[in-house]
Colleague: 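Before anything else, here's the structure in question.
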Amino acid sequence: MQHTPLGKSGLKVSRLCLGTMNFGPMTGEADSFAIMDKALELGINFFDTADVYGWKQGEGVTEQILGRWFAQGERRERIVLATKVYGDMEPEGRPDPNLPRGLSARKIILGCEASLRRMQTDWIDIFQMHHVDRACPWDEIWQAMETLVRQGKILYAGSSNFAGWDIATASCEAARRHFAGLVSEQSVYSLENRTVELEVLPACRHFGLGVIPWSPLAGGLLAGALEKNDQGRRKGDIFEKRLAAKRPQVEKYEALCKKLGEEPADVGLGWLLHNKVVTAPIIGPRTLGQLTGSLRALEIKLDGDTLAELDAIWPGPGGEAPKAYAW
């Protein structure tokens, strides 16, 4: 397994990140344990989760599964653990104005301590803000993060779903406080959705953030949608409408992948890994087969002609701002 530094940090992570969002709602605990054990065996040391994962089964369920997996021993020290704070964690029937969505100091501190309890661990490697909170001052946010670093509860801070100017503001405010600031940004990014190329990726490159793409296969659109009839997000009215709207592009894409002799999902991940600012796409396997199948992406080399064909099928925003729309 290939490993690389996460942005400007000295942290070494695998080129694929194991996303755990399906653990609980779609994948049972025993199968989740098996997937995580196999990931470690394969050298995948980067695991991502969030406090809200668990969804209809209950927020925090996924972190609890991770906690019981860690409790078996000889696992926690071997992985780089990332989780998130921001989402609504207000207990049903117990109103608390500081637990819905946001990034107040109280929300950040209580969120971290709750995640530590659920995951049965003493520290979180990367504590990510799941979304920007523009109503909260950066001095308050960074003071809370600094406190957690001093206490040894987190090692690094990261962002998710930030705009380019949010990354710039956060980084400059952290530098003013002589704090390391952000080391990573988790953004929606795939061949099908390249909007972040305008300003988010340039901001990450400039400020030294590693990019961790979520939904790297566009919810299954880039994973052989025309040939497969599997479960999950590739089944149902919403996906069928998305596929219908993108069918001409998906047909060309799958034809190109067939010409290359590669699976569409592997080409989609391989294309992301070709971008130097990308640290590790998040893969969210529901089965062991999906996990092991994703490894092929690490070996794919896309030449200039193939990259040009992919650009023609899935055009980006035209480069970085402002050249994409001005001069």
Side-chain angles (χ1 to χ4, degrees), residues 6 9 11 13 17-25 27 29 32-33 35-36 39 45-73 75-92 94 96-133 136 140-162 180 182-186 212 214 282 284:
L6 178 64
S9 77
L11 197 62
V13 298
C17 177
L18 181 68
T20 63
M21 187 170 65
N22 290 321
F23 294 174
T27 303
E29 186 161 319
S32 298
F33 281 18
I35 289 170
M36 290 188 281
N45 75 331
F46 193 10
F47 287 24
D48 175 76
T49 191
D51 53 1
V52 294
Y53 291 172
W55 312 119
K56 291 183 180 180
Q57 290 194 359
E59 289 81 1
V61 165
T62 302
E63 285 189 334
Q64 290 169 9
I65 290 174
L66 279 161
R68 290 189 287 272
W69 184 68
F70 291 146
Q72 297 176 96
R75 287 168 171 81
R76 175 63 188 94
E77 293 78 8
R78 297 172 61 190
I79 75 161
V80 173
L81 177 62
T83 192
K84 308 180 193 78
V85 64
Y86 173 86
D88 188 352
M89 296 296 288
E90 187 176 25
E92 187 174 352
R94 289 166 49 200
D96 186 330
N98 292 298
L99 289 181
R101 293 181 172 187
L103 291 174
S104 70
R106 178 179 171 86
K107 170 78 171 181
I108 289 171
I109 298 294
L110 292 181
C112 177
E113 292 177 348
S115 286
L116 291 172
R117 287 193 299 270
R118 284 190 292 267
M119 294 191 290
Q120 302 185 49
T121 183
D122 295 326
W123 85 100
I124 294 162
D125 294 291
I126 311 165
F127 198 41
Q128 303 164 114
M129 293 168 273
H130 211 159
H131 202 282
V132 67
D133 181 0
C136 190
E140 178 176 347
I141 292 170
W142 284 137
Q143 182 179 9
M145 292 291 188
E146 290 164 10
T147 298
L148 293 172
V149 169
R150 285 196 302 270
Q151 293 174 343
K153 293 177 180 178
I154 70 171
L155 301 185
Y156 304 92
S159 60
S160 181
N161 305 307
F162 274 33
L182 302 171
V183 300
S184 62
E185 159 62 17
Q186 197 174 123
I212 310 165
W214 63 266
I282 297 176

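These numbers come from a predicted model, not from an experiment. Start at 1 with the first residue, then count along the sequence.
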Colleague: If you apply the rule side-chain contact (heavy atoms from CB on, under 4.5 Å), what do you find for I282 with M21, and how did you get there?
Modeller: CA-CA 10 Å; I282 297 176; M21 187 170 65; over 6 Å; no
Colleague: Flag the pair R106 / D96 as yes when at least one side-chain heavy-atom distance between them is below 4.5 Å, and no otherwise.
Modeller: yes
Colleague: Would you say I108 and F127 make side-chain contact, with heavy atoms under 4.5 Å?
Modeller: yes
Colleague: How far does CD of E140 sit from CG of D133, to the nearest 0.5 angstrom?
Modeller: 8.5 Å
Colleague: Which heavy-atom pair separates R76 from I124 by the least distance, and what is that distance?
Modeller: NH2-CA, 4.1 Å
Colleague: Does this structure show an ion pair linking K84 with D48, if we count only N-O contacts that are shorter than 4.0 Å?
Modeller: yes
Colleague: Would you kindly say whether T49 and E63 are connected by a side-chain donor-acceptor distance under 3.5 Å?
Modeller: no
Colleague: If we only count heavy atoms from C-beta on, is the L11 to V183 side-chain gap below 4.5 Å?
Modeller: no
Colleague: Which heavy-atom pair separates D51 from V85 by the least distance, and what is that distance?
Modeller: OD2-CA, 3.7 Å
Colleague: If you round to the nearest 0.5 Å, how far is CZ of F162 from OG of S184?
Modeller: 10.5 Å
Colleague: Could you pull out the closest heavy-atom pair between S32 and I65, with the gap in Å?
Modeller: CB-CG2, 4.1 Å
Colleague: Quick check against the 3.5 Å criterion: does R150 have a side-chain atom that pairs as donor or acceptor with the backbone of L148?
Modeller: no
Colleague: How long is the straight-line distance from CE of M119 back to CZ of F47, given to the nearest 0.5 Å?
Modeller: 12.5 Å
Colleague: Looking only at heavy atoms, which two atoms of D88 and R101 are closest? And how far apart?
Modeller: N-CG, 3.7 Å
Colleague: In the structure I gave you, are the side-chain heavy atoms of N45 and V13 within less than 4.5 Å of one another anywhere?
Modeller: yes
Colleague: Are W69 and F23 close enough that some pair of their side-chain heavy atoms sits under 4.5 Å apart?
Modeller: no
Colleague: Between the side chain of N22 and the main-chain N/O of G284, is any donor-acceptor distance below 3.5 Å?
Modeller: yes
Colleague: List the atom of L18, the atom of I35, and the distance in Å for their closest heavy-atom pair.
Modeller: CD1-CG2, 4.1 Å
Colleague: Any chance you could measure S115, atom OG, to Q120, atom CD, to the nearest 0.5 Å?
Modeller: 13.0 Å
Colleague: Does G158 offer a backbone N or O that forms a donor-acceptor pair with the side chain of E185 under 3.5 Å?
Modeller: no
Colleague: Which heavy-atom pair separates G102 from K107 by the least distance, and what is that distance?
Modeller: O-CG, 3.2 Å
Colleague: State, yes or no, whether a side-chain contact exists between W123 and T121 at a heavy-atom distance under 4.5 Å.
Modeller: yes
Colleague: Can you measure from CZ (F70) to CZ (R78) and round to the nearest 0.5 angstrom?
Modeller: 12.0 Å
Colleague: Can you confirm whether F46 sits close enough to D125 that some side-chain heavy atom of one is under 4.5 Å from a side-chain heavy atom of the other?
Modeller: no
Colleague: If I take atom OG from residue S9 and atom CG from residue L182, how far apart are they, to the nearest 0.5 angstrom?
Modeller: 12.0 Å
Colleague: Ignoring hydrogens and geometry, is there a side-chain-to-backbone donor-acceptor pair from Q128 to T83 under 3.5 Å?
Modeller: yes
Colleague: Kindly indicate, with the supporting measurements, whether the criterion side-chain contact (heavy atoms from CB on, under 4.5 Å) is fulfilled by L66 and M36.
Modeller: CA-CA 9 Å; L66 279 161; M36 290 188 281; 3.3 Å; yes
Colleague: Taking side chain as C-beta onward, heavy atoms only, is M89 less than 4.5 Å from V52?
Modeller: yes
